[in-house]
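Okay, structure first, notes after.
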Number of protein chains: 2
Amino acid sequence: MARRKQAVTIKHVAADAGVSLQTVSRVINKEPNVRPEMMARVQESIAKLGYVPSIAAQRMSGSRSYLIMALNDRERTIEGWKSREGTDWVDQMLLGGMLTCAEHGYRLIVELVDTHSDHIERELSAAIAALQPDGVLLTPPHSANPEIIALLDAAGIEMARIGSLTPGPGFRLTMGDDLAAAMATRHLIELGHTRIGFIAGSLEYELSGWRVDGWRAAMNEAGLSTEGMLGQGDFSIESGRICAPQLIDAGATAIIASNDQMAMATLEVARARRLSVPGDLSIVSFDDTPVVRFAHPPLTAIEQPIAAVTARAVELIIGARSCRAALDTPVVVTPSLTVRESTAPPRS
Amino acid sequence: MARRKQAVTIKHVAADAGVSLQTVSRVINKEPNVRPEMMARVQESIAKLGYVPSIAAQRMSGSRSYLIMALNDRERTIEGWKSREGTDWVDQMLLGGMLTCAEHGYRLIVELVDTHSDHIERELSAAIAALQPDGVLLTPPHSANPEIIALLDAAGIEMARIGSLTPGPGFRLTMGDDLAAAMATRHLIELGHTRIGFIAGSLEYELSGWRVDGWRAAMNEAGLSTEGMLGQGDFSIESGRICAPQLIDAGATAIIASNDQMAMATLEVARARRLSVPGDLSIVSFDDTPVVRFAHPPLTAIEQPIAAVTARAVELIIGARSCRAALDTPVVVTPSLTVRESTAPPRS
DNA sequence: ATGAAAGCGCTAACAA
DNA sequence: TTGTTAGCGCTTTCAT
C-alpha cells in the first residue's frame, strides 16, 4: 500500500473554487470576513468534491483536534463488561456523549485509566500527548482527583467533571444526588415507612456523601430519626451483604441502596431471611440498570440521567470558548424515580 | 488559552540525546539499523522527558494513524442503549477491541452509520477522511455491504469483516454460527427432544443462514425431520411473537431462537400459553446477554465470543502488513453453550 | 475581504 | 549506521 494521502484536500477545493487556501479555511471554520458569494462558491466545491477536513492536519496546525476523551476507571469498567450483568454506565455515556459530539463534528473516545496507581499521571499524559483532545470528560472517582485536574489544567485542556463539586478548573456537573436520595426517601415516607435505612457508597466518591445528605434531610423534614439507619458500604455487593442485615436488625422496613449492586445484595439478604419484598421490606436502588429492571421483583429505582449529563458536559466543553459562565455554577441534571414493585407500605 | 503545542516533541528528545530527529524517529518506530547504544541513549531521553509521539503528526507525515474504527449499525445500537435492557454488543467489542488496541498503542473509536441509507458512502467517506483510521472493524450487516467494502478497499484501509464469509478484500471472521447452532441442537437432542424448532434471524445477515444450516445439519445427523420446524424471524421481538406460536402448534418441544430478543419473545409466548419452561418447552437463546441471564428461568444460551473475535480482528488489522496469509482463510472463534434452566428433557 | 508565507510534529526518501 | 531535506494538510500570522 502506497503512502496513504488524503483524497480531497483543501487545495483541491481552492483550485476548484478558484480561491486561495485561506479562503477555504475560513469557510470551513465559519470565520467572518468572507463575502457570501465567495462562501457559496467554496461550499459548492466542497460539496461537489466531497471534501472533509482531516482532523490530524487541523490539529497539527494548532487548531482543535475535535476529539473529546471520556476517562473512566479501568478496573471497574472492565469488570462491568466482563460480568455481563448489564452495567451500562459506559453505554449511557456513549449514548449521550457520542451523539452530541457527532452533532458538532466531534468524536468521543473512551479511555480507561487506573485510579489507584502511582503512574496515573504518566498514563494520562501519554494519552493527552498522543490524542491531544480538546476536552476531557471526567467521571467519578477521577472527577475530583487533584493530580488529574492539575495536569489537564496545565495542559490547557477543557474538562467537565461529572459528579464532583470540588472547586477548581473545569465544568462541574451532577445528577442531583441529594435530590434523588430525598426523592426516594419521600416516596417511602409517603408509603408510611418511618424506619428507612440507607446504605452509603464509598467515601472516595463525593456523591456518596450527597446521597446521605439528601436522605437525612428528607428524614429530618418528616421528623424521622436516622439513628442506626445508616450503613457504610462501598458500592460492592459484599458491602451490601454486610450492611443490609444490620439495617434490618435495627428495624428498617425499607432500605435505599446507593447503587445497583448493593440493592441486589439487599434483595438477596431479604430472600435469605425469607422476608418478602416489598411486603416485609421495601428496596430502592440508586441505579436503574438492567440488573435492577430484571430483578424479582423489579426494583423501584432512581434513574440517573447519565446520557443527559454527558451530553451536557460535551456541549459545555465544545462551547467552552464562548461561555465561561457555567464554570462558576455547577450544572445539575435532574434525576427521576421509577416506581416498580419493590416498594409498598410497611406491614402494620 | 494560547495556541496549544506539544509539550515535548521529537526535537526535544533529539536535542537531549544529541542525535538527529531521524534517529529518534527510528527508535520510536522500532526500525532496524540503529546501534544499541544510540537506541539506549534515545530511549533514556524519551523516558526522562516523558515524550509520547503525537498521532496527529505521525498521521500527517504519512505513517499510521494508530486509530481503528469500529463500525456499528446506528439505529440498532442506539435502540439498544436506550432500552437499557442489557444489549452489550458494543461493550463486548470495546472489551476485546479497546484492550487489544491499547496493547499495541492503538485506539479504538466507535462509529455509528446507517445501514439503510443512500448516503452511507458519504457518511463513511467523511468519517474516513476526518479520522484516517488504519483499519476498520465491520460488524453485521455492514460486513458484507459491497459499497462499504469497495470504498474501504479503494481507500487502502485494512478491514476485518466480522460475521461475513463473502469473498472480497479484508479479513473475515466468524463466531462459528453453524457450530453453535449444531451445538445447541445436539444438546436438545441429547435431552431427548425430536421436534426442535428454530427461529431464524433476518436474511440480511449472512449468519442467519449459517445458523439454520447448523441446526438442519444436526437434525439430519440424528435422523430428525425439520419439517415445519423453521420459523422465519428478523431478530425483532415481534417476529419472535409470531414464530414461536407457529412452532409450538407444529409440535415443537424445544425452540432455538437466533437471538436474545426472539428467545425472550418465545418465553413470553410460553408463559402466555401456560406452558412451563423447561417442562413443556425448552428454549435456547443465541445471545448470552444480560436479559437472557436474568430471565426466569435463566436461559440456556450460546455465548458468542464477541470480545474474543473483536480482539482477533484488531490483531489481524494491526499485523496486516506482515501476514497477509489470513486473508484467504476466514478466522473462526469458537462459541460455547452455557446450559441454564430453560432446557430439560421433554415431557414423555 | 482576500492572499502569501511560515510553520505545526513527524516520517519517507535520499545522501553521506 | 546516521543525518539532511522535503513535504503531509491545515491554520496561523502577516501582507495586501
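These figures come from a predicted structure and were not determined experimentally. By convention in this document, chain letters (A, B, ...) are assigned in the order of the sequence lines, proteins followed by strands, and residues within each chain are numbered from 1.
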* OP1 or OP2 of dC10(C) less than 4.0 angstrom from a side-chain nitrogen or oxygen of Gln58(B), does that happen here? -> no

* Structure fact -> Checking Val19(B), Val24(B), Val27(B) against Val34(B) for side-chain contact (heavy atoms from CB on, under 4.5 Å), the one that qualifies is Val27(B)

* To do: Sequence neighbours left out, what passes side-chain contact (heavy atoms from CB on, under 4.5 Å) with Arg74(A)? Give chain and number order.
  => Ile78(A), Leu112(A), Asp114(A), Glu123(A)

* To do: Under 4.0 Å from any atom of DNA chain D, heavy atoms only: list the residues of residues 123-131 of chain B that qualify, in numerical order.
  => none

* Which residue pairs satisfy the salt bridge (charged side-chain N to carboxylate O under 4.0 Å, His left out) criterion with at least one member in residues 46-57 of chain A, sequence neighbours excluded? -> Asp16(A)-Lys48(A)

* **Residue among Thr77(B), Leu94(B), Thr139(B) satisfying side-chain contact (heavy atoms from CB on, under 4.5 Å) with Trp89(B)** => Thr139(B)

* hbond_proxy Arg26(A) side chain to dT2(C) base (donor-acceptor, 3.5 Å cutoff) -> yes

* Structure fact -> Of the candidates dT2(D), dG9(C), dC10(D), the side chain of Ser54(A) sits closest to dC10(D)

* Asked: Closest heavy-atom contact between Ala56(B) and Arg59(A)?
  -> CB-CG, 3.8 Å

* Asked: Could you give the CZ-to-P distance, from Arg59(A) to dT11(D), as a whole number of Å?
  -> 12 Å

* Structure fact -> Per atom distances to the Asn29(A) side chain, the nearest of dC10(D), dC10(C), dT11(D) is dT11(D)

* Which is it for Leu151(A) and Ser125(A) under the side-chain contact (heavy atoms from CB on, under 4.5 Å) test, yes or no, and what are the steps along the way? -> CA-CA 8 Å; Leu151(A) 189 68; Ser125(A) 307; 3.7 Å; yes

* Quick one: closest heavy-atom pair of Ala70(B) and Met93(B), and the distance? => CB-CE, 4.2 Å

* Asked: Among dC10(D), dC8(C), dT2(C), which is the nearest nucleotide to the side chain of Val34(A)?
  -> dT2(C)

* To do: Could you check whether Pro53(A) gets within reach of a base, just the sugar-phosphate, or nothing at all, counting any heavy atom under 4.0 Å?
  => sugar-phosphate

* **Listed nucleotide nearest any side-chain atom of Met38(B), set dC10(C), dT2(D), dT2(C)** => dT2(D)

* To do: Would you kindly give the CD1-to-C1' distance between Ile10(B) and dA12(C), to the nearest whole Å?
  => 13 Å

* Asked: Where along residues 12-25 of chain B does a heavy atom come under 4.0 Å from DNA chain D, residue by residue in number order?
  -> Val19(B), Ser20(B), Gln22(B), Thr23(B)

* May I ask you to say whether Arg76(B) pairs ionically with Glu79(B), meaning some side-chain N is under 4.0 Å from a carboxylate O? => no

* With axes from five pairs an end, tell me the bend angle of the helix from dA1(C)-dT16(D) to dA16(C)-dT1(D), nearest 10°. => 30°

* **Distance test, side-chain N/O of Tyr66(B) to OP1/OP2 of dC10(C), below 4.0 Å** => no

* Structure fact -> Separation of dT11(D) atom C1' from Ile55(A) atom CD1, nearest Å, is 15 Å

* To do: Can you figure out which of dG9(D), dA12(C), dT12(D) approaches the side chain of Glu31(A) most closely?
  => dT12(D)

* **Separation of dT13(D) C1' from Asn33(A) CG (nearest whole Å)** => 15 Å

* Are the side chain of Arg161(A) and the backbone of Pro169(A) linked by a donor-acceptor contact shorter than 3.5 Å? -> yes

* To do: Sequence neighbours left out, what pairs pass side-chain hydrogen bond (donor to acceptor under 3.5 Å, both in side chains) with at least one residue falling in residues 97-107 of chain B?
  => Glu111(A)-Arg107(B), Arg64(B)-Tyr106(B)

* Asked: From Leu124(A) CG over to Ile128(A) CD1, what is the distance, rounded to the nearest 0.5 angstrom?
  -> 4.0 Å

* Euclidean distance, atom CE of residue Met60(A) to atom C1' of dG7(D) [Å, nearest integer] -> 11 Å

* To do: Report the nucleotide, chosen from dA1(C), dT1(D), dC8(C), that has the shortest atom-to-atom distance to any side-chain atom of Arg35(B).
  => dT1(D)

* Can we say Glu44(A) and Arg41(A) salt-bridge, meaning some charged N sits less than 4.0 Å from an Asp/Glu carboxylate O? -> no

* Asked: Any idea which of dA12(C), dT11(D), dC10(C) is nearest the Ser63(A) side chain?
  -> dT11(D)

